[in-house]
Amino acid sequence: MGVWCAGALLAGVSVVVGCRAADADGVTPVPQLLAFLPWLTVPAGIGIVASVLARWWHGLLWGAVLVGLLAWFTAPYGTTATATGMAGEEPGGAVVAELRVLTSNVEFGWATGALIPVIRRERPDLVFVEECEYGCQAAVRRELGGAYPYRQAVAGDSSVGSVILSRFPLRPAATVPGSMGMPGAVADVDGHAVRLQLAHPKPPLPGQVALWKTELGRLRDFADRYRDTGPLILAGDFNASRDHAVFRRVLATGLRDAARLAGAGRAPSWPSGTAPVFGAQIDHVLVSAEFTASDARFLHLDGTDHRALLVTVTLHQHRE
């Protein structure tokens, strides 16, 4: 019985770890479990204990290899130095502007009332709000219109609506197609054009994993298209973590995860009810090579299952 229990646990963990090692997301339930990859050390550890109790030494070795692989995939996320080293050189040009960027999924607009006072208190320069339906958009226009006179939105009910709020002048840009609204804009930051894009692909629920991959692929194509055209901020609820291959392909375009650069690469943003003890970081602010990042904080908001992410990014003059 001990061997069978250990074998079942270790086999299940092996499938997920194998997909992570193969740079693939697989099929349900692998994409869902990949979001919680570090916590797979728990069933792997139970498998090791069961192997020891059953005197199954092959199982003990199997479990040790799995725990080693999990540690390998998890360890690099915690330090700024490692994150920076993997992302390439820091920009060396003069500082142009320092921006505070906030992204928040308000879950069908339910957390709008909690988000507005946070925005007033923290005074971010750019705000990306996902699942901001008609009532949410009306509320932010009414309550924050004076402080954020510029906005670009996709109107919609339920999870479809989204909006970008800005202290800087905006001109509209093409949206990224998706089942939920993903508006884009170009901000004039002290005379420097900064492209903004909100991200909100479908989550990898059973039956819509293919759609999730398609929409994240569109975000990857967008990032690749504008990778050499100037400063870019791609922020929102990606419904994906660094342990998902489709998200790593977005980063492969040259974008960098601001939270990770600021030393918060494993801080969970969802589900907020169990964060920061347990969860996955699926809300991100990605920046192009012209930016550095610091002071990333995840904020709890009543009414939503996501924690908001507030990060300070510094725009540097392009270095020739």
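Quick note: residue numbers are just sequence positions, from 1.
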Chemist: Which salt bridge (Lys or Arg N to Asp or Glu O under 4.0 Å) pairs, counting each pair once, include a residue from residues 176-201, with sequence neighbours left out?
Modeler: none
Chemist: Side chains of Val140 and Val129, heavy atoms from C-beta outward: is any pair under 4.5 Å?
Modeler: no
Chemist: With sequence neighbours left out, write down each residue that passes salt bridge (charged side-chain N to carboxylate O under 4.0 Å, His left out) with Arg218, or none if nothing qualifies.
Modeler: none
Chemist: Would you give the length of the straight line joining atom CG of Leu309 to atom CG of Leu299, rounded to the nearest 0.5 angstrom?
Modeler: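 Interatomic distance, Leu309 CG to Leu299 CG, rounded to 0.5 Å: 8.0 Å.
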Chemist: Are side-chain heavy atoms of Asn239 and Pro204 found at a separation under 4.5 Å?
Modeler: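 Asn239 reaches Pro204 side chain to side chain.
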Chemist: With sequence neighbours left out, what residues match Ser272 under side chain to side chain donor-acceptor pair (under 3.5 Å)?
Modeler: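 Partners of Ser272 by the side chain to side chain donor-acceptor pair (under 3.5 Å) criterion come out as none, since no residue qualifies.
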Chemist: So do the side chains of Val13 and Leu9 get within less than 4.5 Å of each other, counting heavy atoms only?
Modeler: no
Chemist: Salt bridge check, Arg242 against Asp257: does any charged N sit closer than 4.0 Å to a carboxylate O?
Modeler: no
Chemist: At what distance, to the nearest 0.5 angstrom, does CG of Leu255 lie from CZ of Phe291?
Modeler: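 Reported to 0.5 Å precision, the distance equals 10.5 Å.
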Chemist: Does the Gln197 side chain pair with the main chain of Pro183, one donor and one acceptor, at a distance under 3.5 Å?
Modeler: yes
Chemist: What verdict does the side chain to side chain contact (heavy atoms under 4.5 Å, CB included) test give for His244 and Trp212, after you've listed the backbone C-alpha separation in whole Å, the side-chain angles of each residue and the deciding distance to 0.1 Å?
Modeler: CA-CA 11 Å; His244 289 112; Trp212 169 70; 3.5 Å; yes
Chemist: Could I get the full list of side chain to side chain donor-acceptor pair (under 3.5 Å) partners for Glu215, not counting sequence neighbours?
Modeler: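 Ser179.
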Chemist: Taking the side chain as C-beta and beyond, is there a heavy-atom pair between Val101 and Leu310 under 4.5 Å?
Modeler: no
Chemist: Given the rule that I, L, V, M, F, W and Y join up when any side-chain heavy atoms are under 4.5 Å apart, are Leu211 and Val209 in one cluster?
Modeler: no
Chemist: Please enumerate all residues that pass salt bridge (charged side-chain N to carboxylate O under 4.0 Å, His left out) together with Arg141, with sequence neighbours excluded.
Modeler: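 Arg141 satisfies salt bridge (charged side-chain N to carboxylate O under 4.0 Å, His left out) with no residue once adjacent residues are dropped.
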Chemist: Within the 4.5 Å heavy-atom criterion, are Leu301 and Arg307 side-chain neighbours or not?
Modeler: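 No, every pair of side-chain atoms sits at 4.5 Å or beyond.
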Chemist: Taking side chain as C-beta onward, heavy atoms only, is Arg20 less than 4.5 Å from Asp243?
Modeler: yes
Chemist: When you check the side-chain N and O atoms of Thr103 and Glu130, is any donor under 3.5 Å from an acceptor?
Modeler: yes
Chemist: Mind checking whether Val16 and Val67 sit in one hydrophobic cluster, side chains of I, L, V, M, F, W, Y counted as touching below 4.5 Å?
Modeler: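 No, no single cluster joins them.
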Chemist: Please state whether the rings of Trp110 and Phe108 are parallel, tilted or perpendicular, taking 30° and 60° as the class boundaries.
Modeler: perpendicular
Chemist: Is any side-chain heavy atom of Val311 less than 4.5 Å from a side-chain heavy atom of Val313?
Modeler: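 In short, these two side chains touch, coming nearer than 4.5 Å.
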Chemist: Would you compute the distance between atom CD1 of Ile48 and atom CD1 of Ile46 and round it to the nearest 0.5 angstrom?
Modeler: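 The distance works out to 10.5 Å.
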Chemist: So how far is it from Arg100 CZ to Glu122 CD, rounded to the nearest 0.5 Å?
Modeler: 5.5 Å
Chemist: Looking at every heavy atom in both Ala193 and Val186, which two are closest together, and how far apart are they?
Modeler: CB-CG1, 3.9 Å
Chemist: Would you list the pairs meeting salt bridge (Lys or Arg N to Asp or Glu O under 4.0 Å) in which at least one residue belongs to residues 225-235, sequence neighbours left out?
Modeler: Asp224-Arg227
Chemist: What's the shortest heavy-atom distance between Leu10 and Gly59, and which atoms?
Modeler: CD1-O, 3.5 Å
Chemist: Can you see whether Trp270 engages Asp305 through a side-chain donor-acceptor pair at a distance of less than 3.5 angstrom?
Modeler: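 A pair is found: one side chain offers a donor N or O, the other an acceptor, under 3.5 Å apart.
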Chemist: Is Leu40 reachable from Leu69 through a run of hydrophobic residues whose side-chain heavy atoms are each under 4.5 Å from the next?
Modeler: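 Yes.
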Chemist: My understanding is that only residues two or more places apart in sequence, or in another chain, count here; which of them pass salt bridge (charged side-chain N to carboxylate O under 4.0 Å, His left out) with Glu290?
Modeler: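 For Glu290, no residue satisfies salt bridge (charged side-chain N to carboxylate O under 4.0 Å, His left out) once neighbours in sequence are set aside.
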Chemist: With sequence neighbours excluded, what pairs up with Glu98 under the salt bridge (charged side-chain N to carboxylate O under 4.0 Å, His left out) test?
Modeler: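 Scan of Glu98 (salt bridge (charged side-chain N to carboxylate O under 4.0 Å, His left out), adjacent residues dropped) gives none.
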Chemist: I'd like to know if the side chain of Gln281 reaches the main chain of Ala267, judged simply by a donor and an acceptor atom lying under 3.5 Å from each other, with no hydrogens or angles considered.
Modeler: yes
Chemist: For Thr28, enumerate each residue passing the side chain to side chain donor-acceptor pair (under 3.5 Å) test, keeping only those at least two apart in sequence or located in another chain.
Modeler: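 For Thr28, the residues satisfying side chain to side chain donor-acceptor pair (under 3.5 Å) (neighbours in sequence not counted) are Gln32.
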Chemist: Heavy atoms, side chains only, cut-off 4.5 Å: are Val250 and Leu286 in contact?
Modeler: yes
Chemist: Passes salt bridge (Lys or Arg N to Asp or Glu O under 4.0 Å), Arg248 versus Asp23? Steps please.
Modeler: CA-CA 9 Å; Arg248 292 194 299 276; Asp23 196 32; 2.7 Å; yes
Chemist: Considering only residues two or more places apart or on different chains, which pairs with a residue in residues 38-67 satisfy side-chain hydrogen bond (donor to acceptor under 3.5 Å, both in side chains)?
Modeler: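 Applying side-chain hydrogen bond (donor to acceptor under 3.5 Å, both in side chains) to every pair that reaches into residues 38-67, excluding sequence neighbours, yields Ser14-Trp62.
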Chemist: Would you say the side-chain atoms of Thr292 and His316 include a donor-acceptor pair closer than 3.5 Å?
Modeler: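 Present: a donor and an acceptor within the cut-off.
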Chemist: If every non-hydrogen atom of Val96 is compared with every non-hydrogen atom of Gln317, which pair is closest and at what distance?
Modeler: CG2-N, 3.4 Å
Chemist: List in chain and number order the residues that pass side chain to side chain donor-acceptor pair (under 3.5 Å) with Gln152, two or more places apart in sequence or in another chain; answer none if no residue qualifies.
Modeler: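 Here no residue qualifies.
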Chemist: Mind checking whether Phe247 and Phe238 have parallel, tilted or perpendicular rings, split at 30° and 60°?
Modeler: perpendicular
Chemist: Could you name each residue pair satisfying side-chain hydrogen bond (donor to acceptor under 3.5 Å, both in side chains) that touches residues 159-176, not counting sequence neighbours?
Modeler: Tyr148-Arg167
Chemist: I need the minimum non-hydrogen distance between Gly109 and Cys136, along with the two atoms involved.
Modeler: CA-CB, 4.3 Å
Chemist: Establish whether Leu251 and Leu232 are linked, either directly or via other cluster members, by ILVMFWY side-chain heavy-atom contacts under 4.5 Å.
Modeler: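 As far as the 4.5 Å side-chain criterion goes, Leu232 and Leu251 are connected within one cluster.
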Chemist: What distance do Phe128 atom CZ and Asp237 atom CG have between them, rounded to the nearest 0.5 Å?
Modeler: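 The CG atom of Asp237 is 13.5 Å from CZ of Phe128, to the nearest 0.5 Å.
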Chemist: If hydrophobic clusters are built by linking Ile, Leu, Val, Met, Phe, Trp and Tyr wherever their side-chain heavy atoms come under 4.5 Å apart, do Met180 and Met182 end up in the same one?
Modeler: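 The answer is no; the residues belong to distinct hydrophobic clusters.
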Chemist: Atom CG in Asp25, atom CG in Leu33: separation rounded to 0.5 Å?
Modeler: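 CG of Leu33 is found 12.0 Å from CG of Asp25.
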